[in-house]
Amino acid sequence: MRIPTIFSTTAAVACLGLCLWLYIGTSGNGRLQATLQQREATLQEEQEKFSGQQQQLQTQQQQINTANNFQQQVMPTVISELRAVALQNKNEKLKSLLARYKVPMEDAAPAAATGTKPAK
């Protein structure tokens, strides 16, 4: 055999080996890419769930804030009116209800004495 034939045969075998090595490496990368895409899809689903839960939490927090504002604005007036009614009508059940929640009854005496009428 001649040297050029040996050289070309060796080069062809090397090329074939490199092609097989690249093919096997590429198929491994394809599997890794498929796994990566699956994990990215799972992550996106979890992010969407989290976003939905976060929106629900914000809605609930807004409802709580609205209730707190309502309580701060309306409840003192309602309590004052209930005390006045309890004292004016000598309503023992209403007095005991207010006492159960530790609402002082002596604060209502000046309001009752000034003739403040409870809302109906």
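We number each residue from 1, following the sequence as shown.
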Quiz prompt | Gap separating the CD1 atom of Ile24 from the SG atom of Cys19, nearest 0.5 angstrom | solution = 11.5 Å
Practice problem: Please identify each residue that fulfils side-chain contact (heavy atoms from CB on, under 4.5 Å) with Gln72, with sequence neighbours left out. | Solution: Asn69
Self-check item: Cluster link Ile79 to Val74, ILVMFWY, side chain under 4.5 Å
Solution: yes
Exercise. Please round to the nearest 0.5 Å and tell me the distance separating atom CE of Met75 and atom OG of Ser80.
Key: 12.0 Å
Practice problem: Output all residues satisfying side-chain contact (heavy atoms from CB on, under 4.5 Å) with Leu57, sequence neighbours left out; order by chain, then residue number. | Solution: Gln60
Quiz item: Is the shortest heavy-atom distance from the side chain of Leu97 to the side chain of Arg100 under 4.5 Å?
Solution: yes
Quiz item: Which value, rounded to the nearest 0.5 Å, describes the distance between Leu98 atom CG and Asn91 atom CG?
Solution: 9.0 Å
Let me check something: any side-chain donor-acceptor pairs from residues 30-49 under 3.5 Å, sequence neighbours excluded? List them with distances.
residue	atom	partner	partner atom	Å
Thr35	OG1	Arg31	O	3.0
Thr42	OG1	Gln38	O	3.0

Quiz item: How many angstroms lie between NZ in Lys90 and CD in Gln88, if you round to the nearest 0.5 Å?
Solution: 10.5 Å
Quiz item: Between Pro76 and Gln71, what is the shortest heavy-atom contact and its length?
Solution: CD-O, 3.5 Å
Quiz item: Under a 4.5 Å side-chain heavy-atom rule over Ile, Leu, Val, Met, Phe, Trp and Tyr, are Val78 and Phe70 clustered together?
Solution: yes
Self-check item: Heavy-atom donor-acceptor pair, Thr59 side chain to Gln55 backbone, under 3.5 Å
Solution: yes
Practice problem: Can you measure from CG (Leu20) to CG (Leu16) and round to the nearest 0.5 angstrom? | Solution: 5.0 Å
Quiz item: Can you tell me how far CG of Asn89 sits from NZ of Lys95, rounded to the nearest 0.5 angstrom?
Solution: 9.5 Å
Quiz item: Should Leu94 and Arg83 count as side-chain neighbours, where that means a heavy-atom distance under 4.5 Å?
Solution: no
